[in-house]
Undergrad: 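Handing you a structure now.
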Amino acid sequence: MTVKTRFAPSPTGYLHIGGARTALYSWLHARKFGGTFLLRIEDTDRERSTQASVDAILEGMNWLGLDYDEGPIYQTDRFERYKEVIQQLIDQGDAYYCYCTHEELDEMREQQRANKEKPRYDGRCRERTEPREGVEPVVRFRNPTEGEVVIDDLIKGKIVIANKELDDLIIARSDGAPTYNLTVVVDDLDMGMTHVVRGDDHINNTPRQINIMTALGAEPPKYAHAPMILGDDGKRLSKRHGAVSVMQYRDDGFLPQALINYLIRLGWSHGDQEIFSLEEMIEFFKVEDVNGAASTFNSEKLLWLNQQYIKEMPIEELMEHLQWHLDNQKLDISNGPDFAAVINAQRDRAKTLVDLVSSSRYFYEDFEEYAEAAAKKQFKTATPDIMQAVHDELETLPDWQPEAIDKAIKVTCEKLELKLNKVGPPLRVAVTGTAMSPSLDITLYLVGKERTLERLLKAIAFNRAKYA
RNA sequence: GUCCCCAUCGUCUAGUGGUUAGGACACCGCCCUUUCACGGCGGUAACCGGGGUUCGAGUCCCCGUGGGGACGCCA
């Protein structure tokens, strides 16, 4: 049987890190076996579902490169089918109308809590034959009261839940709209899912869903419940922990490959390997190897991975990702050195794409001020004379090439009888405005002769004024 | 509260009865170095507790403890 998996988010927000990871696992499982990956939008809660959320989720999937073969399928387009199944369950006696009011249910739960019991529907409408006037009924599934449900979870192993722990869940609201546990069952069956990979917050729903499938005479798919991702306070990852939207990571300068790589290694491993190409992920990933324990999100490691990818990625590909940040930071690279050359010089020292762009600004634009700490540390009384000497030496260069620039700087040092560390650092601040840059010869070469000389004169004037 | 899941360095993990308990991030040294990085070398650091089973337990079982999840006319 061909493998078929799905990702089934409810469009009530953006695609978050946890969802992205289960989507990745599900996608990987399908890709590994040459199967089908389907995207289903679980929008039966019309109150909370929005088109904006659907768009955000699609954007996130697209950015991560998680492509789907079928869908997006919207559950709201399938209400007729759900109604058919609900009717079938009623007809065969596996579901019934319940006329309990919210007040009655609240009271019942309160009572149960007071008795230190698990709040659950007590089945009081199970044998009711007459409607209750003025109450639009819901439909409940008649869950078995005895026996147990066994899940052979691919990640968690064998899970056994007694039917007496379960109650008769609502499968249709009083307005006739189907609920989650019914729609999931119908869709997973109709769409031929072979494997359901989802968050382990759904473990408790699984026995209910299996019971409905059994009532429908169907064979349940295989389940793989992936653990949650926790924030650094040990609590489930949420907005409190900073960036949780996948797109926020794009905005913050992360490469999708780095995020994917981080996500796959969070809760899964292949020996000591840390960095995986997509091909390797598909080859090595086994859903059975996913760790059953929840793991804590660690942004330091993500940053490290991002740096590795920035460093190693083919330059053309890196440039494509950089374009968005160029636009976002409004850096115009038309008036200056070849951007690829700048990036090649800079990429070893950047942890994010945002850094990479912002730290490359001085190659294209003149700066108004020197970085305060750098100027304070490097600009001394002798600076104007030193800068003047460097300027004069550089000015004579017929050939503005790194080797020649390097030589000119060293010649200046000899003339002034100064060590390189007395000349280099202030020179860097004068030309870049900051204390960090690639090596000076490359930096000056890329900044260009005209700009370099101008900036040196500017630094001389600045320091003369300062020490006058 | 009830049910379910989980438990190796601070974090992500390797480990499938016999290991000096390995790797990665972070951290700390040293080296490289005109800056910041990259890189290289080295270091600190872990089997939640208690009972079993066994010649032998991080590994198997039980009980605690701790953490997470679920308990909706949400998904």
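By convention in this document, chain letters (A, B, ...) are assigned in the order of the sequence lines, proteins followed by strands, and residues within each chain are numbered from 1.
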Undergrad: A:Thr44 has a side chain; which of B:A75, B:G23, B:C71 sits nearest to it?
TA: B:A75

Undergrad: Is there, by distance only and without an angle test, a donor paired with an acceptor across the side chain of A:Arg173 and the base of B:C73 below 3.5 Å?
TA: no

Undergrad: Could you check how far CZ of A:Arg347 sits from P of B:G39, rounded to whole Å?
TA: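 After rounding, the reported distance stands at 13 Å.
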
Undergrad: If I take atom CG in residue A:Leu105 and atom P in nucleotide B:C73, what distance separates them, rounded to the nearest angstrom?
TA: 6 Å

Undergrad: Across all strands shown, which nucleotide pairs with B:A21 by Watson-Crick or G-U wobble geometry, both distances under 3.5 Å?
TA: none

Undergrad: Quick one: label A:Lys235 by what it contacts on the DNA or RNA (base, sugar-phosphate, nothing), any heavy atom closer than 4.0 Å.
TA: sugar-phosphate

Undergrad: Using the side-chain heavy atoms of A:Asn298, tell me which of these nucleotides is nearest: B:C25, B:U35, B:G69.
TA: B:C25

Undergrad: Describe the nucleic acid contact of A:Pro438 in one word from base, sugar-phosphate, nothing, applying a heavy-atom distance below 4.0 Å.
TA: base

Undergrad: Can you see if the side chain of A:Arg208 gets near the phosphate of B:G72 - specifically, an N or O under 4.0 Å from OP1 or OP2?
TA: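 Answer is no, no contact under 4.0 Å.
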
Undergrad: Would you indicate what A:Gln307 reaches in the nucleic acid, counting non-hydrogen atoms under 4.0 angstrom: base, sugar-phosphate, or nothing?
TA: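 Since only primed, P, OP1 and OP2 atoms lie under 4.0 Å of A:Gln307, the category is sugar-phosphate.
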
Undergrad: Quickly work out the A:Tyr14 OH to B:A75 P distance and round it to whole Å.
TA: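 From A:Tyr14 OH to B:A75 P: 20 Å.
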
Undergrad: Specify the separation, in whole Å, of atom CG of A:Asp167 and atom P of B:C71.
TA: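 Spelled out: CG on A:Asp167 to P on B:C71 is 11 Å.
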
Undergrad: Would you measure the distance from the P atom in B:U13 across to the matching atom in B:G51 and give it in whole Å?
TA: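 Nearest-Å result for B:U13 against B:G51 at atom P: 30 Å.
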
Undergrad: So what does A:Ile159 hit on the nucleic acid, given a heavy-atom distance under 4.0 Å: a base, only sugar-phosphate, or nothing?
TA: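 The answer is sugar-phosphate, as A:Ile159 gets under 4.0 Å only of primed atoms, P, OP1 or OP2.
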
Undergrad: Find the distance between CZ (A:Arg120) and NZ (A:Lys164) and round it off to the nearest 0.5 Å.
TA: 8.5 Å

Undergrad: Classify A:Arg428 by what it touches in the nucleic acid, base, sugar-phosphate, or nothing, heavy-atom distance under 4.0 Å.
TA: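 Base: the residue A:Arg428, judged by heavy atoms under 4.0 Å, touches a nucleobase.
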
Undergrad: Could you tell me whether B:C38 is syn or anti, where syn means a glycosidic angle within 90 degrees of zero?
TA: syn

Undergrad: Tell me if the centroids of the rings in A:Phe285 and A:Tyr25 come within less than 6.0 Å of each other.
TA: yes

Undergrad: Among the candidates B:U34, B:A26, B:A75, find the nucleotide nearest to the side-chain atoms of A:Glu300.
TA: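 In terms of side-chain proximity for A:Glu300, the closest of B:U34, B:A26, B:A75 is B:A26.
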
Undergrad: Taking the six-membered ring of A:Tyr121, is NZ or CZ of A:Arg140 closer than 6.0 Å to its centre and within 45° of its axis?
TA: yes

Undergrad: NA contact type, A:Gln308, heavy-atom cut-off 4.0 Å: base, sugar-phosphate, or nothing?
TA: sugar-phosphate

Undergrad: Compare the aromatic ring of A:His225 with the six-membered base ring of B:C5 and state whether they stack according to the 5.5 Å and 30° rule.
TA: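 Here A:His225 fails the 5.5 Å or the 30° condition.
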
Undergrad: Look at all strands and tell whether A:Glu117 reaches a base, only sugar-phosphate, or nothing, counting heavy atoms closer than 4.0 Å.
TA: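 Since a base atom lies under 4.0 Å of A:Glu117, the category is base.
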
Undergrad: Rounded to the nearest Å, what distance is computed from the OH atom of residue A:Tyr362 to the P atom of nucleotide B:C36?
TA: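 Whole-Å distance recorded here is 14 Å.
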
Undergrad: Between B:U44 and B:G10, how far apart are the two C1' atoms, rounded to whole Å?
TA: 12 Å

Undergrad: Assign A:Thr296 to base, sugar-phosphate, or nothing according to its heavy-atom contacts below 4.0 angstrom with the strands shown.
TA: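 A:Thr296: backbone/sugar contact only, no base atoms under 4.0 Å.
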
Undergrad: Are A:Phe254 and A:Tyr309, when compared by the centres of their aromatic rings, separated by less than 6.0 Å?
TA: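 No, they do not, as the ring centres are separated by 6.0 Å or more.
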
Undergrad: Tell me what A:Ala293 touches on the nucleic acid: a base, only sugar-phosphate, or nothing, going by heavy atoms under 4.0 Å.
TA: sugar-phosphate

Undergrad: So which nucleotide does B:G29 pair with, by the Watson-Crick or G-U wobble rule with both distances under 3.5 Å?
TA: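 Base-paired to B:C41.
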
Undergrad: Does the structure show a Watson-Crick or G-U wobble partner for B:A7, both distances under 3.5 Å? Name it, or say none.
TA: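 By the stated definition (distances under 3.5 Å), B:U65 pairs with B:A7.
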
Undergrad: May I ask you to say what A:Glu274 touches in the nucleic acid, namely base, sugar-phosphate or nothing, with a heavy-atom cut-off under 4.0 Å?
TA: base

Undergrad: Taking the six-membered ring of A:Phe79, is NZ or CZ of A:Arg46 closer than 6.0 Å to its centre and within 45° of its axis?
TA: yes

Undergrad: Below 6.0 angstrom between ring centroids: does that apply to A:Phe462 and A:Tyr370?
TA: yes

Undergrad: Contact class for A:Lys311 (heavy atom, under 4.0 Å): base, sugar-phosphate, or nothing?
TA: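 Answer is sugar-phosphate: A:Lys311 comes under 4.0 Å of backbone atoms only.
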
Undergrad: Write down the partner of B:C60 under the Watson-Crick or G-U wobble criteria, each distance required to be under 3.5 Å.
TA: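 The base-pairing partner of B:C60, which may sit in any strand shown, is B:G52.
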
Undergrad: With heavy atoms under 4.0 Å as the rule, sort A:Asn205 into base, sugar-phosphate or nothing.
TA: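 Contact class for A:Asn205: base.
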
Undergrad: So A:Gly267, base contact, sugar-phosphate only, or nothing? Heavy-atom distance under 4.0 Å.
TA: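 Here A:Gly267 touches the backbone only, sparing every base.
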
Undergrad: Hunt down the Watson-Crick or G-U wobble partner of B:G1, both distances under 3.5 Å, from any strand shown, or write none.
TA: B:C71

Undergrad: For A:Ser174, answer base if it contacts any base atom (sugar-phosphate contacts may also be present), sugar-phosphate if it contacts only those atoms, and nothing otherwise; contact means non-hydrogen atoms under 4.0 Å.
TA: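 Base contact.
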
Undergrad: Can you check whether A:Leu255 reaches A:Tyr249 side chain to side chain, under 4.5 Å on heavy atoms?
TA: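 The answer is no, as the side chains (C-beta and beyond) never meet within the 4.5 Å cut-off.
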
Undergrad: Please measure how far the P atom in B:C60 lies from the corresponding atom in B:C5, and state the result in whole Å.
TA: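 16 Å, rounded to whole Å.
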
